[in-house]
2 protein chains.
Amino acid sequence: MKETNMALSGAKAKILKALAHQTRIYMVEELAKDEKCVCEFVEAIGSDFSTISKHLSVLKNAGIVQVDKRGQKVFYSLKATCMTNFLDCIENIIKSNLEEQSSMFK
Amino acid sequence: MKETNMALSGAKAKILKALAHQTRIYMVEELAKDEKCVCEFVEAIGSDFSTISKHLSVLKNAGIVQVDKRGQKVFYSLKATCMTNFLDCIENIIKSNLEEQSSMFK
DNA sequence: TGGTTATTTGGTTATATTACCAAATAACAT
DNA sequence: ATGTTATTTGGTAATATAACCAAATAACCA
C-alpha cells in the first residue's frame, strides 16, 4: 500500500519538523538532562520570552515534551527519550561529513 | 560552553531539516531496503522529475544518502543507516500520541 | 551527427516558518 | 484589590521552503 506508507511518512514529517530547529534541538538536549522552566531557557538562549514559549509549544504539540505547571512557573520535561539516541545518530553524520570534507585537502 | 552547544545544535538542525519532509522520509525508508534510481522514485511518488531530483539532492547534501551514476541512470543509496532506528523512535511517538488522544474518549 | 532517455539547474509563485512586539492570562504576594 | 512575575496568544514582517515549468547536461543508441 503505497499511499498508506506515504501517509505514515507525512505523520513522521510533522514530528521531525517540530524538532528541526536549532533552538528546539538545544532544548531537547537540555531537557534530556533535567526538566527546565521557560524562564531558564529564556536566560540560556537569550531570545524573547514569547519566542521561547512558542518553541516549547511546538515540541509539546508534537508529543516530544510534556508540561507541568507549578506555581507561577511552567516546567517542561522530555517525554520521548528515544530522541537522545537519534541526536547521536545525527552527530555521527556530522562527523562523517567533516571527515569527507577534510579528506579533500589531502 | 553554551555557544558551542548552540552551534552544534545548529549543525544538527541542518541535517534534521534535510530529513523533515514527507517525501524525503519516504525516500530514506525505501532506500533502507535497497538502492533506487531517480526514475523509480518519480514513478512511485508521482511528482515532477525535477521535484524528486531536488529532494534527493537535499538528502545528498546533508550526507544522508550517496550517489552512484551508472549509464544514464543515477542511483541513490542510504549512507546514514542509523536513520532507520531513528524513524522507529518517531513511530513510537506517533503511537504514544494516538493513545493519549484516544484515551480522551474513554 | 541526431535522437532519445535520465537527470539537474534556474526561475517563479505559493505556502510555511520564524522572530519580535504588544496585549492577554494566570498565580502569587502585599 | 493591586502589583509583580511567569507565561501564552495574536499580529505582522522577513525569510525559507516547495512545487512546477522550461531549459540545460549527460550518456547512450541508431
Side-chain angles (χ1 to χ4, degrees), chain A residues 3 6-7 9-28 30-31 34-77 79, chain B residues 3 6-7 9-28 30-31 34-77 79:
Chain A
E3 293 188 9
M6 267 307 230
S9 300
K12 290 177 186 173
K14 277 194 181 178
I15 292 174
L16 262 174
K17 277 173 206 245
L19 186 62
H21 188 285
Q22 179 179 31
T23 301
R24 295 194 291 267
I25 290 173
Y26 175 82
M27 286 170 158
V28 165
E30 288 299 305
L31 293 178
D34 199 9
E35 66 164 20
K36 282 199 169 48
C37 69
V38 187
C39 54
E40 285 176 285
F41 280 123
V42 172
E43 175 139 349
I45 294 167
S47 300
D48 194 86
F49 223 116
S50 65
T51 303
I52 301 294
S53 173
K54 275 175 186 170
H55 278 305
L56 286 165
S57 109
V58 169
L59 291 173
K60 188 187 65 183
N61 290 332
I64 297 171
V65 303
Q66 57 202 351
V67 164
D68 184 26
K69 300 189 186 192
R70 297 203 297 273
Q72 297 158 275
K73 294 190 179 174
V74 178
F75 289 88
Y76 283 85
S77 60
K79 189 178 171 192
Chain B
E3 294 189 8
M6 265 307 226
S9 300
K12 290 176 185 174
K14 276 194 183 179
I15 293 174
L16 262 174
K17 277 173 206 240
L19 186 61
H21 187 286
Q22 178 178 32
T23 302
R24 294 194 291 266
I25 290 173
Y26 175 82
M27 285 170 158
V28 165
E30 288 300 303
L31 292 179
D34 199 8
E35 66 163 20
K36 281 201 171 45
C37 68
V38 186
C39 54
E40 285 175 285
F41 280 123
V42 172
E43 176 140 347
I45 294 166
S47 300
D48 194 84
F49 223 116
S50 66
T51 303
I52 301 294
S53 173
K54 274 175 186 170
H55 278 307
L56 286 165
S57 110
V58 168
L59 291 172
K60 188 188 64 182
N61 291 331
I64 297 171
V65 303
Q66 57 202 353
V67 165
D68 183 26
K69 300 189 185 190
R70 296 202 297 273
Q72 297 157 274
K73 294 190 176 172
V74 178
F75 289 89
Y76 283 84
S77 60
K79 190 178 171 193

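Throughout, a chain's letter reflects where its sequence line sits, starting with A, and its residues are numbered from 1.
Rounded to an integer number of Å, the gap from Asn61(B) CG to dA18(D) P is 13 Å. Computed from coordinates, the Phe49(A) CZ to dA26(C) C1' distance equals 13 Å when rounded to whole Å. The distance between atom NZ of Lys14(B) and atom C1' of dT17(D), rounded to the nearest whole Å, is 15 Å. Between Ile45(B) atom CD1 and dT7(C) atom P there is a gap of 13 Å when expressed in whole angstrom units. Spacing between atom CZ of Phe75(A) and atom C1' of dT5(D) amounts to 13 Å, rounded to whole angstrom units. Whole-Å rounding puts the Leu56(A) CG to dT7(D) P distance at 10 Å. Nucleotide dT7(D) holds its P atom 12 Å from the CG atom of Asp68(A), rounded to whole Å. As a whole-Å value, the separation of Ile52(B) CD1 from dT5(C) C1' is 17 Å.
For dA24(C), the paired nucleotide is dT7(D), the pair qualifying as Watson-Crick or G-U wobble because both relevant distances are below 3.5 Å.
Side-chain N/O atoms of Tyr76(B) include none lying less than 4.0 angstrom from OP1 or OP2 on dA6(C). In terms of phosphate contacts, His55(A) brings no side-chain nitrogen or oxygen within less than 4.0 Å of OP1 or OP2 of dT17(C). Residue Thr51(A) places at least one side-chain N or O under 4.0 Å from the OP1 or OP2 atom of dC20(C). Proximity of His21(A) to the phosphate of dA19(C): a side-chain N or O atom is located under 4.0 Å from OP1 or OP2.
Under the 30°/60° scheme for interplanar angles, the aromatic rings of His21(B) and His55(B) are found to be tilted.
Of the listed nucleotides (dT8(C), dA19(C), dT18(C)), dT18(C) has the atom at the smallest distance from the side chain of Arg24(A). Picking from dC20(D), dT8(C), dG10(D) the nucleotide with the shortest atom distance to the side chain of Ser47(B) gives dC20(D). Taking the side chain of Asp48(B) as heavy atoms from C-beta on, and the options dT7(C), dC21(D), dC21(C), the nearest nucleotide is dC21(D).
Between Arg70(B) and Asp68(B), at least one side-chain N (NZ, or NE/NH1/NH2) sits under 4.0 Å from a carboxylate O, which counts as a salt bridge.
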request  = Kindly determine whether Phe41(B) and Leu31(B) satisfy side chain to side chain contact (heavy atoms under 4.5 Å, CB included), including the steps that lead there.
outcome  = CA-CA 10 Å; Phe41(B) 280 123; Leu31(B) 292 179; 3.7 Å; yes

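A donor-acceptor pair under 3.5 Å links the side-chain atoms of Gln22(A) to the main chain of Met6(B), judged by distance alone. Side-chain atoms of Glu40(B) come within 3.5 Å of backbone atoms of Cys37(B) as a donor-acceptor pair (strictly under, hydrogens ignored). The backbone N or O of Ala13(B) lies less than 3.5 Å from no partner atom in the side chain of Arg24(A), so there is not a single donor-acceptor pair.
Around NZ of Lys73(A), the count of heavy atoms belonging to other residues, nucleotides or ligands within 6.0 Å does not exceed 12.
Just one residue in the list Thr51(B), Ile52(B), Ile45(B) forms a side chain to side chain contact (heavy atoms under 4.5 Å, CB included) with Asp48(B), and that residue is Thr51(B).
Mapping Lys69(A) and Lys17(A) onto DNA chain D by nearest heavy atom places Lys69(A) at the nucleotide closer to the 5' end. Residues Val38(B) and Ser50(A) each lie close to DNA chain C; by heavy-atom proximity, the contact nearer the 5' end of the strand is made by Val38(B).
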N/O-N/O pairs, protein side and nucleotides 24-27 of chain D side, under 3.5 Å:
none

